[in-house]
*Asks:* 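Have a look at this one before I ask anything.
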Protein chains: 2
Amino acid sequence: MKLEIDPHGREPSYLQLAALLRAAIQAGEIAPRDPVPSITYLVGETGLAIGTVRKAIGVLVDEGLVYTVPGRGTFVAGTRPD
Amino acid sequence: MKLEIDPHGREPSYLQLAALLRAAIQAGEIAPRDPVPSITYLVGETGLAIGTVRKAIGVLVDEGLVYTVPGRGTFVAGTRPD
DNA sequence: CTGTATTTGTTCGTATGTATT
DNA sequence: AAATACATACGAACAAATACA
């Protein structure tokens, strides 16, 4: 997964990252119930601060596209609730 | 408006603050289109950090109960969209 | 059962940018 | 120009839940 963020882009970094992850999920690159890259991993890949990555994940959680399980990770939501 | 947060309570501080503000709004203590106390004011009143206060406001924004206008403030939403 | 590692959750603090008054 | 207020982004610490050796 390519994760290129332009810190000087028109869109805020956290929205750019959210969009990239959203696109990957909707393209089927991550299957339902499969884990999204961890926050720590995303920090390393993107060069963003941990708070910024958290905010991006939060956007997708709010959209219902992913869900998080403390201590385990963040996962792609299924089409129907579990 | 009384804004007592228990930092050691069962609920996170930002949810406690969100609940207090929500209650005040629903009790009619702040009328639609009237401003909610500013983030800076709430920081001073509650003793919480600015990020925590912002998170509480964010909860109410997500609920559609209030809306924010940069440079002006945060306001109670009307029953119908403007 | 213990200890360690991983991951998310909460909270704090600071700086800079943008918008309004 | 200055003050006020929200937005974004950075960094750090600790807690809680989970997994595993």
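Order of the sequence lines sets the chain letters (A, B, ...), proteins ahead of strands, with each chain counted from 1.
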*Asks:* Write down the distance between CD1 (A:Ile57) and P (C:dT10), rounded to a whole number of angstrom.
*Replies:*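 In whole Å, C:dT10 P and A:Ile57 CD1 are 15 Å from each other.
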*Asks:* Below 3.5 Å is the cut-off: list the nitrogen or oxygen pairs between protein and nucleotides 16-21 of chain C, distance only.
*Replies:*
residue: C:dT21; atom: OP1; partner: B:Arg72; partner atom: NE; Å: 3.4

*Asks:* Under a 4.5 Å cut-off applied to non-hydrogen side-chain atoms, are A:Thr52 and A:Thr46 in contact?
*Replies:*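 When only atoms from C-beta onward are counted, A:Thr46 and A:Thr52 do not touch, as no gap falls below 4.5 Å.
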*Asks:* B:Arg22 versus B:Glu63: any side-chain heavy-atom pair under 4.5 Å?
*Replies:*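 B:Arg22 reaches B:Glu63 side chain to side chain.
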*Asks:* Enumerate the residues from residues 39-53 of chain B whose closest heavy atom to DNA chain C is under 4.0 Å, giving them by residue number; use none for an empty result.
*Replies:*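 Contacting residues: B:Leu48, B:Ala49, B:Ile50, B:Thr52.
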*Asks:* Can you tell me which residue among A:Val76, A:Val59, A:Leu42, A:Leu65 is in a side-chain contact (heavy atoms from CB on, under 4.5 Å) with A:Leu21?
*Replies:*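 Only match with A:Leu21 under side-chain contact (heavy atoms from CB on, under 4.5 Å): A:Leu42.
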*Asks:* Between B:Glu11 (CD) and C:dT10 (P), how many Å, whole number?
*Replies:*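 Rounded to whole Å, this separation is 10 Å.
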*Asks:* Whole Å only: how far is the CZ atom of A:Phe75 from the P atom of C:dT7?
*Replies:*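 Checked: the CZ to P distance equals 10 Å.
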*Asks:* Would you kindly give the OH-to-C1' distance between A:Tyr67 and C:dT7, to the nearest whole Å?
*Replies:*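 Taking OH of A:Tyr67 and C1' of C:dT7, I get 15 Å after rounding.
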*Asks:* Does any non-hydrogen side-chain atom of B:Ile30 lie less than 4.5 Å from one of B:Pro37?
*Replies:*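 Counting from C-beta outward, B:Pro37 and B:Ile30 do come under 4.5 Å.
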*Asks:* Taking any atom closer than 4.0 angstrom to a non-hydrogen atom of chain B, what span of DNA chain D does the protein reach, first nucleotide to last?
*Replies:*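 Boundary nucleotides touching chain B, in 5' to 3' order, are D:dA5 to D:dT8.
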*Asks:* Once you round to the nearest 0.5 Å, how far does CD1 of A:Ile5 lie from OH of A:Tyr14?
*Replies:*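 OH of A:Tyr14 is found 13.0 Å from CD1 of A:Ile5.
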*Asks:* Counting only side-chain N and O atoms of A:Thr68, is one of them less than 4.0 Å from OP1 or OP2 of C:dT7?
*Replies:*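 No.
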*Asks:* Between CD1 of A:Ile39 and CD1 of A:Ile57, what distance do you get to the nearest 0.5 Å?
*Replies:*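 If we round to the nearest 0.5 Å, A:Ile39:CD1 and A:Ile57:CD1 are 6.0 Å apart.
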*Asks:* In Å and rounded to the nearest 0.5 Å, what is the CG to CD distance from A:Leu17 to A:Glu11?
*Replies:*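 One gets 11.5 Å once the value is rounded to the nearest 0.5 Å.
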*Asks:* To the nearest 0.5 Å, tell me how far B:Glu45 CD sits from B:Ser38 OG.
*Replies:*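 Answer for the CD-OG pair, B:Glu45 versus B:Ser38, is 10.0 Å.
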*Asks:* Do B:Val43 and B:Leu48 have side chains that get closer than 4.5 Å, going by heavy atoms?
*Replies:*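 Side chain of B:Val43 against side chain of B:Leu48, heavy atoms only: no contact under 4.5 Å found.
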*Asks:* Just name whichever nucleotide pairs with D:dA1, Watson-Crick or G-U, keeping both distances under 3.5 Å, else none.
*Replies:*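 Pairing partner: none.
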*Asks:* Run the side-chain contact (heavy atoms from CB on, under 4.5 Å) test on A:Thr74 and A:Val69 for me, step by step, so that the C-alpha distance in whole Å, both residues' side-chain angles and the decisive distance to 0.1 Å come before the verdict.
*Replies:* CA-CA 6 Å; A:Thr74 301; A:Val69 181; over 6 Å; no
*Asks:* So, taking the atom named CD in A:Gln16 and the one named CG in A:Asp6, what distance separates them when rounded to the nearest 0.5 Å?
*Replies:*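 Nearest 0.5 Å value for the CD-CG distance: 5.5 Å.
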*Asks:* Which sits closer to the 5' end of DNA chain D, A:Ser13 or A:Arg54, going by the nucleotide each is nearest to?
*Replies:*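 In this pair, the answer is A:Ser13.
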*Asks:* Using whole Å, what does the distance between atom C1' of nucleotide C:dG9 and atom NZ of B:Lys55 come to?
*Replies:*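 Between C1' of C:dG9 and NZ of B:Lys55: 7 Å.
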